[in-house]
Amino acid sequence: MGAFLDKPKMEKQNAHGEGNDLRYGLSSMQGWRVEMEDAHTAVIGLPCGLRPWSFFAVYDGHAGSQVARYSCEHLLEHITSNPDFQGNAEPQVQADGAGDGAKEMEVEEPSVDQVKVGIRTGFLQIDEHMRQISENRKGSGSTDRSGSTAVCVMVSPQHVFFINCGDSRGLLSRGGTVHFFTHDHKPSNPLEKERIQNAGGSVMIQRVNGSLAVSRALGDFDYKCVHGKGPTEQLVSPEPDVCAVERSEVEDEFIVLACDGIWDVMANEELCDFVRSRLEVTDDLEKICNEVVDTCLYKGSRDNMSVVLVCFSGAPKVSAEAVKREQELDKYLESRVEEILKQNGEEGVPDMVHVMRTLASENIPNLPPGGELASKRSVVEAVYNKLNPFRNDDTESLTPLSWKQGKEKSS
Ligand code: MN
């Protein structure tokens, strides 16, 4: 499933913002895929009186982008507007003596349990809503068979609520290590498999009915029509796992949300270490996210890629020492590329594949942890292009897979 381009689309969609003592940056890139099916949300200050709260999400669509698009625009309102989320808290009207008679509405914050139940209800509600929309359209001949994962965080002053449905993933870095991460919903997980089998389905080649690689998702209504079973008992369930992590003002560093295009080629600790090392050389969060995405492409990811980075006040800070070390590394790489190119033999100027392979076999000090040489490929390529302005633009030789074999994955 999913066709590939001859050349990856490396243009990125970026955004950043700050508020509520948070800073965020995000990047998303189509990569090798023919379609871009990822979507994302970033909101600082929630509606309905929850201004100190924030919400971030990554959606990884499959078989189309409709469900991912709709979810990125409407999931948050389905969560915050349902009565379960708001609980029984009655709006309190406060008289504001200093103002011009204006009265400020203050809403009591929902409890941890209300948030958890409200999020679950919001997911089931938006899923049902999207099913209605797609059924109403059936006559028009444009049936939507798409689905989407969702990984989100709702950040309140006291908690981070991690929300996961599918195989995108979120993690929290605290005190320099991965403190928490969400668990992917794969069809072969025992509990997922049990539900699938109870609904009359099977798990083959790690997929639902040998076809779908995730066991929970929004949309995917072809997998949600088993009679006599509720919405959370179907072959594919829209029910999210919600986990409340109490915040630590001193130790919390950052949250990363990303789709499987990232996690396929980077482990939790690797991405955490890489982001930490980047935060020591720049405070530009969009730039860090772009580096993550490019690094994953060069590590062999063939999927769409999206990453959201949310930093707390305890995140690593730029240090002069780290900046200097990075500059020295770049200079060292530049001089090595020059040397490698000077050694050109009878075959003429070595191509990028040769340069990267040569560098990969060497012991280069101070490469960014988690990113390694892949995170420096653009530096190498820039010098290569500068020294070789007349080389043939041989995209084949520049494809990352040809110097480092990546695992191909078709979902
Ligand atoms: Mn994906």
Side-chain angles (χ1 to χ4, degrees), residues 1-5 8-13 26-41 56-72 75 144-153 163-171 181-189 192 205-208 210-220 222-223 236-238 240-241 256-268 270-271 289-290 292-309 374 400-401 406-411:
M1 221 165 61
F4 298 107
L5 300 164
K9 278 200 179 165
M10 293 185 66
E11 298 77 26
K12 281 122 186 130
Q13 205 192 327
L26 62 87
S27 176
S28 83
M29 177 171 96
Q30 185 169 332
W32 287 95
R33 285 292 177 95
V34 170
E35 308 281 348
M36 179 54 175
E37 296 172 337
D38 286 359
H40 53 259
T41 312
F56 305 91
V58 164
Y59 306 90
D60 180 351
H62 46 261
S65 58
Q66 293 94 326
V67 166
R69 298 250 129 258
Y70 191 88
S71 303
C72 87
L75 177 61
D144 176 24
R145 297 187 180 288
S146 76
S148 179
T149 71
V151 67
C152 334
V153 280
I163 306 157
N164 182 45
C165 180
D167 64 357
S168 293
R169 198 181 305 151
L171 68 74
F181 62 93
T182 60
H183 289 272
D184 307 348
H185 294 125
K186 296 284 190 190
S188 44
N189 294 358
E192 300 297 305
I205 53 161
Q206 324 238 33
R207 286 159 184 263
V208 182
S211 169
L212 192 65
V214 284
S215 56
R216 297 204 203 179
L218 295 166
D220 286 315
D222 289 348
Y223 296 86
V236 171
S237 165
D241 281 330
V256 180
L257 302 179
C259 63
D260 64 347
I262 301 290
W263 302 115
D264 281 351
V265 294
M266 271 212 192
N268 296 349
E270 287 177 321
L271 186 49
C289 290
N290 288 345
V292 168
V293 160
D294 282 340
T295 298
C296 289
L297 184 91
Y298 295 136
K299 279 178 178 251
S301 178
R302 303 269 277 171
D303 204 353
N304 296 152
M305 284 179 261
S306 296
V307 60
V308 177
L309 172 62
L401 287 179
K407 274 175 283 171
E408 277 208 35
K409 191 167 166 276
S410 60
S411 86

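Order of listing sets the numbers, starting from 1, for every ligand and every atom in it.
- For Asp167, every N, O or S atom stays at 2.8 Å or more from the Mn ion (ligand 1).
- With hydrogens and angles ignored, the 3.5 Å screen pairs a side-chain donor or acceptor of Ser146 with a backbone N or O of Val67.
- Open room surrounds CD on Glu35; 12 or fewer heavy atoms of other groups in view lie less than 6.0 Å from it.
- At distances below 3.5 Å, at least one donor-acceptor pair connects side-chain atoms of Asn304 with backbone N or O atoms of Gln30.
- Within Asp260, the N/O/S atom positioned nearest the Mn ion (ligand 1) carries the name OD1.
- Scanning for salt bridge (Lys or Arg N to Asp or Glu O under 4.0 Å) contacts around Asp184 gives Arg169, with sequence neighbours left out.
- Taking backbone and side chain together, Asp303 holds an N, O or S atom under 2.8 Å from the Mn ion (ligand 1).
- At a threshold of 2.8 Å, the Mn ion (ligand 1) has no backbone or side-chain N, O or S atom of Asp38 nearer than that distance.
- Remark: Tyr223 pairs with no residue by the ring pair (Phe, Tyr, Trp, His ring centres under 6.0 Å) rule, at least two apart or across chains.
- Of all the N, O or S atoms in Asp60, the one closest to the Mn ion (ligand 1) is OD2.
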